[in-house]
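Structure record follows, encoded as structure tokens.
Just follow the structure's listing: the first ligand is 1, and inside any ligand the first atom is 1.
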Amino acid sequence: MLNLVLFGPPGAGKGTQADFLIEKFKLIHLSTGDLLRTQIAAESELGIEAKSYMDRGFLVPDSIVIGMIKSILQENENANGYIFDGFPRTVEQAKALDILLDEMDTPVNGMICLCVEKDELINRIIHRGKTSGRPDDQDVSIIGNRIHVYNEKTKPLTEYYKAQNKYFKIKGVGSVEEIAQRVIDTVATL
Ligand code: AMP
């Protein structure tokens, strides 16, 4: 199995790059943001709870996202591997992922971090908000909060993966194809 954590702040292009990796390496794309938005659209109990955090730009509680990931991993034991997009976002989630994958006798092979400056992130998210319809893409203060939460809670995860020699930093600016090539070249070394 090939298991990749696609990492970076909101607006770094994780979803776009995930599409290239799925195609190239035939992996299952696991985006917790997409999974949560599906629950919101279905107006499930989980979705209603998650929405109250997401609309304000805060993280959904660890127990909810870890539970979602766990059931998907259990349903796809014979997969080629996974792209974790937007997960893990806390050290607690990273530890839970290691335990879940360990139970399947497979590790996280690498954490690919897409680096983009804050002003560029805000511009990209505002632009995406015009078509995404996402409430959290349309308000500058909520976008600012998402970036703040990333810096406080999620960025420290780089240390977690650096300590395991699994951290790979990629320049996330340039054309989508250029960035994809950088990501693919890095993944090919894993
Ligand atoms: P994303 O689509 O990855 O930008 O995620 C959108 C929102 O969903 C985030 O701002 C969080 O509120 C929530 N979310 C997505 N993934 C996670 C996660 N792994 N842990 C906690 N909250 C998450």
Using modelled atom types only, decide if a donor and an acceptor are shared between the side chain of Asn109 and the backbone of Asn3 within a distance under 3.5 Å.
yes
Report yes or no: does Arg56 contribute a side-chain atom to a donor-acceptor pair with the main-chain N or O of Ile142 at less than 3.5 Å?
no
Side chains of [X] and [Y]: closer than 4.5 Å at any heavy-atom pair?
X: Met54; Y: Arg134; value: no
X: Lys153; Y: Arg89; value: no
X: Pro10; Y: Ile125; value: yes

For Tyr150 and Asn145, run side chain to side chain donor-acceptor pair (under 3.5 Å): C-alpha distance rounded to whole Å, both residues' side-chain angles, the deciding distance at 0.1 Å, then the answer.
CA-CA 8 Å; Tyr150 170 80; Asn145 191 38; over 6 Å; no
Give the residues near ligand 1 by chain and number, with the criterion being a heavy-atom distance under 4.0 Å.
Thr32, Gly33, Leu36, Arg37, Met54, Phe58, Leu59, Val60, Val65, Gly86, Phe87, Arg89, Gln93, Arg134, Asp136, Arg146
